[in-house]
Peer 1: 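Okay, handing you the structure first.
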Amino acid sequence: MTSTLQPARAAEAEQRSGRWLALSVLVLAVLLVAVDATVLGLATPYISEDLAPSGTQLLWIGDVYSFVIAGLLVSMGSLGDRIGRKRILLGGATAFGAISVLNAYATTPELMILARALLGVAGATLMPATLALIRNLFHDPRERSLAVGVWGATASAGTAVGPIAGGFLLEHFWWGSVFLINLPVMAVLVLVGVRTLPESRNPEPGPWDLRSVLLSLVGVIGVVYAVKETATHGLTWSASAAGLLGAGALHGFARRQLTMPVPLLDMRLFRRRGFGGAVLADLLTVLGMSGLVFFLSQYLQLVQGRQPFEAGLAELPAAVGAVASGLFAGRAARRFSVRAVVSGGLAAVGLALAALTVLDRSTGYPFLGAALLVVGVGAGFSFTVTADVILSSVPREQAGAASAVSETAYELGAALGIALLGSIVTGVYRGFTGPAGTPAGAHESLGAAVQASEHMSAGSAHALLDAARDSFVHGLHLASGAGAAVLLTTAVAAWFLLRNQELDGGHGADGAGPDPA
């Protein structure tokens, strides 16, 4: 009996250690994407100075990545289910590193926008594949919750590593260097991942329907573009046309999925209250936070006068809070309830955003750091548990498409948040009254105002910067208040939508059925 059990236990231990080693490779991909997302905000003032984009171009540089990645996530997640998640992850990581070089050496705003869009294409292959592989590696619900917590904690750690590493690079090199830090991470991921990651795919995948891919891409980009243009310039014929085209494409996509024998995305998943509630919570949460995230680095550097490295360190409490809470989120959800943890986390973020409406140009760091810590803790609890709910709501063979829905909600929320809340900040900022001789370009962005002040007399420069910074902070107040309202409303909605939802069990508590072998 002993001789029979020992080999079995050894094989089980080897399998267990193999899963965790594979997870360590997957989180490198998460780190890659998280670092890239955070360094852009830190580098924005330098990009503004060097490339001189207009206010609209600056917003496009910030959100075109999210537009493209949101439009392609479902298609790429479904493609990974079909051709192999390991294959698409490693191929996407290689492309992500190569295109990062194009970002680093962009010489015009138009080229920078194109480079960010191409990076979105590569990024769309990474996140769904990592979550889908976790779903297939970890069959035990408690182990999977811990793995998702590590996944989320790494994403949060990336948001800390990005500003700190980016701040150091910006103080010693040119702004393009912040994109080149992707290369060593990509190299390690590919070289180690080739040996350690298991391949997995849907055994009966069906065709990868190109018509559905096109409808998804046109639909998401059309709708988001319409929202962005309407928020910036009001309702115009181009925004209306894009919105109608996008809505029509999404309607066609949904109808086509319901009639296909093996769809790219099973639309019936949204009938499950837990799945739909988790996706909606993610979308609205990121929407409410995006304005703060995108403009915080500009506030720290251009309003409070911090150096890039110092600004990166100042953002650290949010990441620390998210890492700590993400690792314990699954345990907390089992001890209390899914809806209590998610709703409580969202309410905490909402209250912290509400507190930021009293920021001024001289606000001390203890207040700001405490608010960021609360934002991180609340977001870590919420995002980790909703990701676990989404993964546990589907069979393993559909993990790629379901993970893509989760990431689509995240990226779509980021794009809409930057478009809507960012437009609030930009619109308020443009209304400031500068001294005589203020260049028209100074009204495009705060970075442009700082640059313009360098060519003015001392008195005029001081007056310009005072007016521009006050106007920027006022816009940030309104964006934070709007974000707080969104988060608090989402907390209430999550309390009802996630009622009776559990993490234990193969498919959660909303009637999805047993986990397939």
Side-chain angles (χ1 to χ4, degrees), residues 29 33 63-96 99 116-133 135-136 199-202 204-225 242 245-270 275 279 282-283 387 390-391 394-416:
V33 176
D63 60 27
V64 70
Y65 173 84
S66 295
F67 283 12
V68 174
I69 201 172
L72 288 175
L73 275 167
V74 170
S75 300
M76 292 302 182
S78 180
L79 181 63
D81 288 343
R82 285 160 169 76
I83 69 172
R85 291 142 190 157
K86 173 182 177 179
R87 178 180 299 176
I88 198 169
L89 175 68
L90 297 182
T94 302
F96 198 94
I99 299 169
R116 296 296 296 170
L118 292 175
L119 202 66
V121 177
T125 67
L126 299 180
M127 299 299 278
T130 60
L131 269 177
L133 285 166
R135 177 69 178 88
N136 282 267
E199 185 59 278
S200 69
R201 59 172 59 88
N202 189 339
E204 299 178 0
W208 196 60
D209 183 49
L210 291 179
R211 184 176 175 183
S212 296
V213 172
L214 182 61
L215 287 171
S216 172
L217 181 62
V218 171
V220 172
I221 292 181
V223 169
V224 176
Y225 176 82
L245 177 63
L250 289 178
H251 177 71
F253 174 80
R255 286 179 58 87
R256 187 168 179 81
Q257 303 317 294
L258 292 172
T259 59
M260 292 178 64
V262 185
L264 261 64
L265 175 63
D266 186 357
M267 301 302 295
R268 293 170 296 182
L269 291 173
F270 290 96
F275 182 90
V279 170
D282 283 353
L283 188 151
I390 290 169
L391 278 185
V394 299
R396 289 195 296 273
E397 60 269 18
Q398 293 181 321
S403 302
V405 171
S406 173
E407 292 303 315
T408 299
Y410 187 95
E411 296 298 338
L412 188 58
L416 290 172

Peer 1: What residue among Leu214, Leu215, Leu217 forms side chain to side chain contact (heavy atoms under 4.5 Å, CB included) with Phe253?
Peer 2: Leu215

Peer 1: Run the side-chain contact (heavy atoms from CB on, under 4.5 Å) test against Ala93 and tell me which residues pass, sequence neighbours left out.
Peer 2: Leu126, Met186, Leu189, Val190

Peer 1: I want to check something: taking the side chain as every heavy atom from C-beta on, are Asp282 and Ile390 in contact at a cut-off of under 4.5 Å?
Peer 2: yes

Peer 1: Tell me the closest heavy-atom pair linking Ile99 and Leu119, and the distance in Å.
Peer 2: CG2-N, 3.7 Å

Peer 1: For Leu245, check side-chain contact (heavy atoms from CB on, under 4.5 Å) against everything at least two apart and list the hits.
Peer 2: Val218

Peer 1: If I take atom CD1 from residue Ile88 and atom CG from residue Leu133, how far apart are they, to the nearest 0.5 angstrom?
Peer 2: 10.5 Å

Peer 1: Measure the spacing between OG1 of Thr259 and CD of Gln257 and express it to the nearest 0.5 Å.
Peer 2: 7.5 Å

Peer 1: Is there side-chain contact between Leu89 and Thr125, with at least one heavy-atom pair below 4.5 Å?
Peer 2: no

Peer 1: Which residues pass the side-chain contact (heavy atoms from CB on, under 4.5 Å) test with Ser75, sequence neighbours left out?
Peer 2: Trp208, Val213, Ser216, Leu264

Peer 1: Only counting residues at least two apart or in another chain, list the ones meeting side-chain contact (heavy atoms from CB on, under 4.5 Å) with Arg255.
Peer 2: His251

